[in-house]
Amino acid sequence: MKGLVLRSTGSFYDVLGDDHKKYNCKVRGKIRLEGIKETNPVAVGDHVEFTIENEIGSIIEILPRQNHVLRQSIKKTGHSHVLAANVDQTLLVATAASPRTSLGFIDRFLVSSESFRIPQLLVFNKKDMLDEDGIHKQEELIELYTSIGIKCLNTSALNDDQATIRNILQDKITLIAGHSGVGKSTLINRLSPAIDQRVGDISGFSDKGTHTTTFAEMFALDEKTFIIDTPGVKEWGLVDMDEQELSDYFPEMRNLRLNCKFGARCIHVNEPKCAIIDGVKSGAIAPSRYESYVSMVMGDDNRK
Ligand SMILES: Nc1nc2c(ncn2[C@@H]2O[C@H](COP(=O)(O)OP(=O)(O)OP(=O)(O)O)[C@@H](O)[C@H]2O)c(=O)[nH]1
Ligand SMILES: [Mg+2]
Ligand SMILES: [Zn+2]
């Protein structure tokens, strides 16, 4: 039978069969994947072929992927983890309230999705917790990210009805990511009363990064609309990319960089007649975005 992987715990998988029933599956034997060093071969969102014997399912094949979202494992260098496969868009839940999302984190997330050619959405949550100054700062951020072509929303997952977000999700598979405690599960519960994801209590997540959600899990909002809740992360490690390639994943730099004197060899850090550095001076590129770029190109991308 064919099915869709809804949840992975590392050794067991919940698979939604073509018969609309859920099966608990294991992986039988070794499943090979096109030369990727991954710590988990089967991912949420994978379409698989499986057999059932004595009520236990065995996944025997992963069908070709349209794409995947990889995260560099912070502990084991060189290893990456497939967060999900076959994703239509990614949605980052961020907040200027607690636990505050740094711009470095937002930019790493956007670059990562862009490198897998997956469109991104930014949802600024917990607006009910902001004072006037906070609201103003959040509006500036929305202006900045909207100007580089990213769809942004400002919300309170706790108080607002989520009709706008619901519309943006329609007929797509959306991966939802963000720090622990920003409100991913709260938002998901809001989107569908049938979903009842555990939500952390305010003191629980604090700064220790205790996760309430422990495994990525896919939920259906309707037959064609799926969302994937993921455990909160402290850092967004970038998967190998070279210096020259990085500026391609900053939409506002992509075209400008063609005018650099050193052309494709320019990494836009201290080269003369660099169109990107000029762009920062003229205001075409936001200083915070350039700062994120420099920290990524310098390779300290796992520390912010
Ligand atoms: N005031 C306020 N609190 C919120 C809002 N959204 C979520 N919270 C609270 O923030 C806390 C964490 O929410 P969760 O939904 O568990 O966060 P999460 O992103 O799923 O966290 P992990 O599963 O650990 O990654 C809970 O106490 C929520 O009630 C919001 O818009 N406003
Ligand atoms: Mg959660
Ligand atoms: Zn340059």
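Small disclaimer: the values here were computed from a predicted structure and weren't measured. By convention here, the first residue in the shown sequence is residue 1. Numbering of ligands and ligand atoms starts at 1, following listing order.
Of the possible donor and acceptor atoms, one in the side chain of S292 sits under 3.5 Å from a partner among the backbone N and O of S288. Side-chain N or O atoms of D222 include one that pairs as donor or acceptor with a backbone N or O of K224 at under 3.5 Å. When atom types are taken as modelled, the side chain of N86 and the backbone of G45 share a donor-acceptor pair closer than 3.5 angstrom. H179 places a side-chain N or O within 3.5 Å of a backbone atom of V233 that can act as its donor or acceptor partner.
In terms of polar-atom proximity, S185 is counted as a contact of ligand 1, with an N or O under 3.5 Å from an N or O of the ligand. Considering backbone and side-chain atoms alike, S156 places an N or O below 3.5 Å from some N or O of ligand 1. Among the atoms of K127, none of the N or O lies under 3.5 angstrom from an N or O of ligand 1. Of the polar atoms of G183, at least one N or O is found under 3.5 Å from an N or O of ligand 1, judged by distance alone. Residue A157 has at least one N or O atom closer than 3.5 Å to an N or O atom of ligand 1. Every N/O-N/O distance between D229 and ligand 1 stays at or above 3.5 Å.
The hydrophobic clustering, which links ILVMFWY residues whose side-chain heavy atoms are closer than 4.5 Å, places L169 and I195 together.
Less than 4.0 angstrom separates some heavy atom of G181 from each of these atoms of ligand 1: 10 (O), 12 (C), 17 (O), 18 (P), 19 (O), 21 (O), 22 (P), 24 (O). Close contacts between ligand 1 and N125 involve ligand atoms 5 (C), 6 (N), 31 (O) [criterion: under 4.0 Å to a heavy atom]. Close approach to G232 involves these atoms of ligand 1, each under 4.0 Å from a residue heavy atom: 25 (O). Close contacts of ligand 1 with L158, meaning ligand atoms under 4.0 Å from a residue heavy atom, involve 1 (N), 2 (C), 3 (N), 4 (C), 29 (O), 30 (C), 31 (O), 32 (N).
Under 4.0 angstrom from ligand 1, the non-hydrogen atoms of T186 come from both its backbone and its side chain. Counting heavy atoms closer than 4.0 Å to ligand 1, residue M129 contributes side-chain atoms (C-beta onward) but none from N, CA, C or O.
At least one heavy atom of H179 sits closer than 4.0 Å to an atom of ligand 1.
Counting heavy atoms of neighbouring residues, nucleotides and ligands inside a 6.0 Å radius, atom CD of E245 exceeds 12 of them.
Among D18, V48, V15, the one residue that satisfies the side chain to side chain contact (heavy atoms under 4.5 Å, CB included) test with K2 is D18.
Taking the six-membered ring for Trp and thresholds of 30 and 60 degrees, H68 and F116 have ring planes more than 60 degrees apart, a perpendicular arrangement.
Inclusion of S185 in the first shell of the Mg ion (ligand 2) is supported: an N, O or S atom falls under 2.8 Å.
Around the Zn ion (ligand 3), the two atoms SG of C266 and ND1 of H268 are separated by an angle of 100°, to 10 degrees.
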